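Right, one structure below, let's go through it.
The structure displayed is predicted, hence computed values, not measured ones. Computed over heavy atoms, backbone and side chain alike; hydrogens, waters and symmetry mates excluded. Just so it is clear: chains get the letters A, B, ... in the order the sequence lines come, proteins before strands, and each one is counted from 1.
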Number of protein chains: 2
Amino acid sequence: MEPTAAEIEAAVTAFEVFLRDRRLKMTEQRRTMVRVVLDKRGHFTADELYRKLLSDGESVSMATVYRALALLEEGGVVEGHDFADGQRRYERALGREHHDHMICVDCRAVIEFTNHDIERLQDEVAKAHGFTLKDHSLQLFVECRDWHETGTCPRRVERERGASGAQG
Amino acid sequence: MEPTAAEIEAAVTAFEVFLRDRRLKMTEQRRTMVRVVLDKRGHFTADELYRKLLSDGESVSMATVYRALALLEEGGVVEGHDFADGQRRYERALGREHHDHMICVDCRAVIEFTNHDIERLQDEVAKAHGFTLKDHSLQLFVECRDWHETGTCPRRVERERGASGAQG
DNA sequence: ATATCTGCAAATGTTTTGCACTTTT
DNA sequence: AAAAGTGCAAAACATTTGCAGATAT
């Protein structure tokens, strides 16, 4: 499901077109970020992306990461979500279908799901009120009962050791 | 739909019981906040509540407002929401039914709605994945088309004048 | 050439915290 | 008296911004 190298390069080109249309410039930092981001699975924060770039030996600043993420989002390369934990999270959008998220309140694992009936009903609700639905945000906060009960949830154990957040 | 004075006092007492169960104390500030909060309609931020208390001549600090809001939320007096604009928003929970929110991306108006089919489907989704649904967060970001087109949306006009945020 | 970018450091805005003092229980 | 709460100012955090120098078109 990860994009091939060729697909990533096509996306770089597409992003360049997006930038050109707005009279913005393609830079080494932006190019690198498109590549890194499309190669990522799961969700990541601005800070996680920044660290990844640094550990890859890239030369970027946090400010540039934030400025680029905003553009990557507008350009449809990534999608941003707010899981109500104080940090915006991103995920690769290119070539992915729309989905919503279940977040385990115990271990913070993120599980994706799609439910077309819910999507349709949302549209109907908006219409019924005379509005146009532009976007939505749906998170289900769940509990991984079995893992929870046995205390063996691997992600929770990891989190309690102080490791970085779990991702679905 | 606003609670009567008697209902508010009953809520103060109930909150006191909640506190006592946890070996916490009822204070003048907390008592006042329960009253003020239950009297409010619409959504408010911590800062808005703080200003309201000050203008009422109450003696509170921002720190106490934040600490109390956390307790009020746990005690079921208020419910907190994250509308992805960087500030947590609260609303009176006591005696209110569950509902979700539509937020106009143009004027930031907040409209409440309830859809039982969506609720049921959320439960089913969680169950289908082997999880227990503990909570959810659903926001529909909409556009008030007519107002938008005519440029007469009262809330937008108000917002552009620099007034405080609109509430549904 | 010129408009846009970048990095840095400083600023921002919201929320949290340490601490000495005050208030409930 | 003991335990918890308060205000204040400082800290913590994620994110944004001003500006001078660097880079893309």
Side-chain angles (χ1 to χ4, degrees), chain A residues 12-13 15-34 36 43-54 57-75 78 80-90 108 162 164-165, chain B residues 12-13 15-34 36 43-54 57-75 78 80-90 108 162 164-165:
Chain A
V12 170
T13 305
F15 188 58
E16 199 161 351
V17 170
F18 165 84
L19 291 173
R20 193 176 306 141
D21 285 351
R22 311 180 142 221
R23 300 203 183 92
L24 302 178
K25 295 167 181 173
M26 177 54 100
T27 63
E28 221 27 75
Q29 287 86 342
R30 288 175 182 175
R31 205 188 317 273
T32 302
M33 270 186 260
V34 174
V36 168
H43 301 82
F44 57 91
T45 62
D47 189 62
E48 281 161 8
L49 174 56
Y50 174 58
R51 287 168 194 281
K52 165 79 172 135
L53 290 166
L54 287 194
E58 301 294 342
S59 164
V60 247
S61 69
M62 198 72 226
T64 297
V65 169
Y66 275 109
R67 287 188 274 231
L69 275 173
L71 285 173
L72 291 176
E73 192 165 3
E74 288 178 70
V78 300
H81 304 289
D82 202 327
F83 294 159
D85 69 341
Q87 256 167 299
R88 193 162 177 75
R89 304 193 171 258
Y90 298 86
R108 283 279 148 186
S164 64
Chain B
V12 171
T13 306
F15 187 58
E16 197 159 352
V17 170
F18 164 85
L19 291 173
R20 192 177 306 142
D21 286 351
R22 312 179 142 222
R23 298 203 184 91
L24 302 178
K25 295 166 181 173
M26 178 54 101
T27 63
E28 220 28 73
Q29 287 87 341
R30 290 176 181 175
R31 204 187 318 272
T32 302
M33 271 187 260
V34 173
V36 168
H43 301 83
F44 56 92
T45 63
D47 188 62
E48 281 162 8
L49 173 57
Y50 175 59
R51 287 168 193 281
K52 165 80 172 135
L53 291 165
L54 288 194
E58 300 294 341
S59 162
V60 246
S61 67
M62 198 72 225
T64 297
V65 169
Y66 275 109
R67 288 188 274 230
L69 275 173
L71 285 173
L72 291 176
E73 192 166 3
E74 288 178 70
V78 300
H81 304 289
D82 201 327
F83 294 159
D85 70 340
Q87 255 169 300
R88 193 164 177 74
R89 303 190 172 261
Y90 298 86
R108 284 278 148 188
S164 65

Please report the shortest heavy-atom distance between [X] and [Y], naming the atom on each side.
X: B/L71; Y: B/F18; value: O-CE2, 3.8 Å
X: A/V12; Y: A/M26; value: O-CE, 3.6 Å
X: A/Y50; Y: A/V60; value: CE1-O, 3.5 Å

Worksheet item: For the pair made of CZ in A/R31 and C1' in D/dA24, what is the distance, rounded to whole Å?
Response: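 Going from CZ in A/R31 over to C1' in D/dA24 covers 10 Å.
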Worksheet item: How close or far is atom P of D/dT15 from atom CG of B/D85, stated in whole angstroms?
Response: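 So the two atoms are 14 Å apart, to the nearest Å.
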Worksheet item: Are any side-chain N or O atoms of A/Q87 and backbone N or O atoms of A/T45, one a donor and one an acceptor, separated by less than 3.5 Å?
Response: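 Flag not set: sc A/Q87 to bb A/T45 has no pair under 3.5 Å.
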Worksheet item: Has the side chain of B/R30 got a donor or acceptor atom that lies under 3.5 Å from a matching backbone atom of B/K25?
Response: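 Yes.
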Discussion item. Could you walk me through whether B/L69 and B/Y90 satisfy the side chain to side chain contact (heavy atoms under 4.5 Å, CB included) test, starting with their C-alpha distance in whole Å, then the side-chain angles of each, then the deciding distance to 0.1 Å, before giving a yes or no?
Written reply: CA-CA 9 Å; B/L69 275 173; B/Y90 298 86; 3.6 Å; yes
Item to complete: Please lay out, stage by stage, how A/Q29 and A/L53 fare under the test side chain to side chain contact (heavy atoms under 4.5 Å, CB included).
Response: CA-CA 9 Å; A/Q29 287 86 342; A/L53 290 166; over 6 Å; no
Worksheet entry | Opening and closing nucleotides of DNA chain C in contact with chain B, under 4.0 Å to non-hydrogen atoms |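 Result: C/dT14 to C/dT25.
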Practice prompt. Mind checking the CG-CD spacing from A/L19 to A/E74? Nearest 0.5 Å is all I need.
Written response: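 Answer rounded to 0.5 Å: 10.0 Å.
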Worksheet item: CZ/B/R20 to OG1/B/T13 distance, rounded to the nearest 0.5 angstrom?
Response: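 Result: 9.0 Å between the selected atoms.
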Discussion item. Check this for me, if you would: do B/R51 and B/E48 make a salt bridge, where the nitrogen-to-carboxylate-oxygen distance has to be below 4.0 angstrom?
Written reply: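 Salt bridge: no.
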Worksheet entry | Residue closer to the 5' end of DNA chain C, B/E16 versus B/Y90 (nearest nucleotide) |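 So the residue in question is B/Y90.
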Tabulated below should be each protein N or O lying under 3.5 Å from an N or O of nucleotides 4-10 of chain D; please produce it.
| unit_1 | atom_1 | unit_2 | atom_2 | d |
| --- | --- | --- | --- | --- |
| D/dA4 | O4' | B/K25 | NZ | 2.9 |
| D/dG5 | OP1 | B/R30 | NH1 | 2.6 |
| D/dG5 | OP1 | B/R30 | NH2 | 3.0 |
| D/dT6 | OP1 | B/T27 | OG1 | 2.8 |
| D/dT6 | O3' | B/Q29 | NE2 | 3.1 |
| D/dG7 | OP1 | B/S59 | O | 3.0 |
| D/dG7 | OP1 | B/V60 | N | 3.4 |
| D/dG7 | OP1 | B/S61 | N | 3.4 |
| D/dG7 | OP2 | B/S61 | N | 3.0 |
| D/dG7 | OP2 | B/S61 | OG | 2.8 |
| D/dG7 | OP2 | B/T64 | OG1 | 2.2 |
| D/dG7 | N7 | B/R67 | NH2 | 2.9 |
| D/dG7 | O6 | B/R67 | NH2 | 3.3 |

Discussion item. To the nearest 10°, give me the bend of the helix from C/dA1-D/dT25 to C/dT25-D/dA1, comparing the axes of its five terminal pairs at either end.
Written reply: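 Answer for the end axes of this duplex: 30°.
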Worksheet entry | Distance below 4.0 Å between A/Y66 side-chain N/O and D/dT15 OP1 or OP2 |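 Yes.
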